[in-house]
Structure formats: structure tokens, C-alpha cells
Amino acid sequence: MSNHLISAYQSLPVSFIRGDGVYLWDQDGNQYLDGLCGISVTSLGHNYPAVTEAIQQQAASLIHTSNLYSIEWQQKLADRLCELSGMDKVFFGNSGAEANEAAIKLARLYGNKQNIKDPQIVVMEHSFHGRTMATLSATGNRKVQAGFEPLVSGFVRVPYNDTESIEAVAANNKNVVAVLVEPVQGEGGIVVPDSGYLTALRKICDANNWLLMLDEIQTGIARSGKMFAFQHESIIPDVMTLAKALGNGVPIGACVTHGKAADVIQPGNHGSTFGGNPLACRTACTVLDSIVENNLTENAARRARQLVELLNQGLKNNDNLMEIRSLGLLIGIELNQNCPKLVTEALDRGLLLNVTADKVVRLLPPLIINETQTAELADKVIEVINTLPASH
Ligand SMILES: Cc1ncc(COP(=O)(O)O)c(C=O)c1O
């Protein structure tokens, strides 16, 4: 073990050397079922042939040129994202936090262009938007913020899934320019809002000339059973941020814009050395094509129904179960106690999952998962959750 790594992570004592489809293998040849996808990243599973081939071919021809020159794959990817989302223009970065930074900068620019000198963005309690200074300031989790004060100003916090509190902000604060919200709160514990929430937010934003900015970094790219989670409702956001599954593991982030948000950023306002390079963009084009060609959006929805039904069935007599929440293959199983040790219980049984918000077992399995593998996943998850003692 190296002593030269900054202790930012408390990594588990396992290291994987190979992956194929929904499975991973460690150095000792042990096999693990991947119920987490590296936190919503490897949605096509590991070593997906078309993605591997795209990376190999592009690496053999051109990896990087810089945004000083036009990049054909970047244009193709922007076209594809706009075609799939009904939106207009895209800026590319390298991560989720960067995509959200672009959105936050865009909102401030939008406000300043209207002479709002102290532009504010409405954000949610229990949200997660990243670890850079602006995105951790937007995040609704004190643990993420503690020690990094002074935080970036300009965020107004309200409860999630509560439109009345946003209407109250609209009535009292004339400096608000945007709402930044996750369609389903991921790190917050797979919290699925009431249906109609995004539509109500859209109306409030329209009435106040605010931008509706959706953080689809965890929910996007078919995981929810639609290509983008906002497509469960009949709305289009002004800004949508993407990362994670867009490159199936090759780092890429995108800030997608629509209508009045599309022309806010002008030359000189924003930039990135690596953002939108040919390797990442070609990979992401291949990811999107693979999802569409193989109907993986539908598969995600179908397998999610199967998984949730099996989990409900298998856990119905478990007194520790509070609730199973899901939107497509974003699945949260809330228990009545803190359960971080279930992560190692799962590992011991050849299963990767994660616990978020202390009490929520989070499953984000690959979208390529088949019926048999889904049943295997359900069996293992039920077995792991049943290791918890009953709490009285
Ligand atoms: C909703 C959401 N936004 C932003 C981020 C930050 O993404 P990244 O870690 O790529 O910066 C995450 C990561 O978990 C996320 O789930």
C-alpha cells in the first residue's frame, strides 16, 4: 500500500483488475456482481465492445487538440444530445462538478446581463452537486461543506419537493435568477419527488423569468427509464447538467442549454483545456448510440420493475425495511437504522452496492442487466439486508 496518496478516500480493501458486463473480478479471481456501476457511471457494464472499440480507434488516431480548434466529435455529440433532449446548445467539461460550475456561472451571467447585481440560485436541502467550492456551496449537506468556509454566496436553500417554499422565495427575493435541482436526489438517499414537481417548478420559473436548471448527473443517460429524467414530465429545462454515465467511465461532463439559456455564454466567459476532447466525445457518442440501438432505456424500466417487485417480495417480512424508492434503475432501500456495514457484508457475498444518507442501500445496476442477473442481484441484496439484526 502506498503512503503517498492523500487520505481523501476510505477505500474498501478490494481492488478490481478486470470487468466484463455486469461482473468484476479482483486479484484473487473472486467475482462480484456490480450493483453500483461506480456510482452511476458504467451503465453499459464493463468492457462494452462498441465503447472499447471507439476508445481504441480514437486513441490510435487523435486524443486531444484543444478548443482553439473545432472538434468534429464534439459537434456530433452536441447534435446528438440536443436531438435526444430537445435542447439547443452544449458546453463540455470533464466531470459533474464542472458541468454544474458551468451552470452556476451561466445563471450568474444571465442575472448580471439583466442588471441583477447579486444573482441568487435556489437550491435544495439534502442535494448534492459536487466538491468544487461553488458546487459544495450549492450542496445541501453540512458534512460536504464543513471546514471549507467561507462558502460561495448566492444560494437560497429550500426543502426538496416543496413548491410552496419556492413560491415564498419568489414573493420576497427579487435577486433570484435560477433553480438548481436534481430530478431525483441521488446522494440524498434516492428521494423521488411527487410526480408533477418538475412541471410545477417549470411554471414558477417561467412566471419569474428564472432558469430551471436540472442536475441530471446521476439520473441522466437512460438510468431513470427515460433518456433524461425530466422526460417523465412534459417539460424542457433551460439547463441540464450531465456527466457520470455519458462516457461510461471516460471522464466527460456537459452543460446542456435551451432557449434563453443557450446564448448566455459567449467567447471568453468560460473554458476548459480538456473539455470536449475527441476521445471523450467519440466515446460518449458511442454510449448514446448503444443505448438507443439496444433499447436500453426500455430495458432499464423493465428490469427496474422486476427488481423492485422481487425486493418488495423478499423483504416484506423484514422489520428493518422502511421504504423502497425508485425511478427506473435508481433504487433506494431505506432501513430503520444506520447500515454502513452492509457494504462489506455485500462485498463478502460478491456484490457491490453502496449506502447513502446513512440508512439507504443504494442500487444503481448496469442498464444492460438481464432477467437472470436481476434475479441474482435481488437474491443477494435480500440476503445482505437480512444480515442486519432486528432493531427494537
Ligand atoms: C447529482 C450529482 N451532481 C454532481 C455530482 C458531482 O459529479 P463529479 O463527482 O463527477 O464531480 C454528483 C456525483 O455524485 C451527483 O450525483
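First listed ligand is number 1; within each ligand, the first listed atom is number 1. Quick caveat: nothing in here was measured; it's all calculated off a predicted structure.
Atom 3 (N) of ligand 1 has its closest protein heavy atom at Asp215 OD2, 2.7 Å. Looking only at protein heavy atoms, the nearest one to atom 8 (P) of ligand 1 is Gly96 N, 3.5 Å. Here the protein heavy atom with the shortest distance to atom 16 (O) of ligand 1 is Gln218 NE2, 2.8 Å.
For ligand 1 and Glu182, the ligand atoms under 4.0 Å from any heavy atom of the residue are 1 (C). Per-residue contacts place Ile217 under 4.0 angstrom from the following atoms of ligand 1 (heavy atoms of the residue considered): 2 (C), 3 (N), 4 (C), 5 (C), 12 (C), 15 (C). Below 4.0 Å from some heavy atom of Asn100 lie the following atoms of ligand 1, by number and element: 3 (N), 4 (C). Within ligand 1, the atoms closer than 4.0 Å to a non-hydrogen atom of Phe128 are 1 (C), 2 (C), 3 (N), 5 (C), 6 (C), 12 (C), 13 (C), 14 (O), 15 (C), numbered from 1 in the order shown.
Contacts of Glu98 with ligand 1, taken as heavy-atom pairs under 4.0 Å, are absent altogether. Both the backbone and the side chain of Ala97 come within 4.0 Å of ligand 1, counting heavy atoms alone. If you look at Thr135 next to ligand 1, there are no close heavy atoms at all, none under 4.0 Å. Looking at Lys244 against ligand 1, only its side chain comes within 4.0 Å, counting heavy atoms. At a heavy-atom distance under 4.0 Å, only backbone atoms of His129 (N, CA, C or O) approach ligand 1.
The existence of a salt bridge linking Glu101 and Lys105 is excluded, since no basic side-chain nitrogen approaches an acidic carboxylate oxygen closer than 4.0 Å. Under the 4.0 Å criterion applied to side-chain N and carboxylate O atoms, Glu83 and Arg80 are assigned as salt-bridge partners. Ionic pairing of Lys76 and Glu72 is present here: one or more N-O contacts between side-chain nitrogen and carboxylate oxygen are shorter than 4.0 angstrom. A salt bridge is absent between Glu371 and Arg302; no separation between the charged side-chain nitrogens and carboxylate oxygens falls under 4.0 Å. A salt bridge is defined here as a Lys NZ or Arg NE, NH1 or NH2 lying under 4.0 Å from an Asp or Glu carboxylate O, and Arg349 with Glu376 fails to meet this definition.
Residue pairs meeting the side chain to side chain donor-acceptor pair (under 3.5 Å) criterion with at least one member in residues 253-267, sequence neighbours excluded: Lys89-Asp263. Under the side chain to side chain donor-acceptor pair (under 3.5 Å) criterion, no residue pair touches residues 173-184, with sequence neighbours excluded.
Here the side chain of Gln373 pairs no donor or acceptor atom with the backbone of Leu33 at under 3.5 angstrom.
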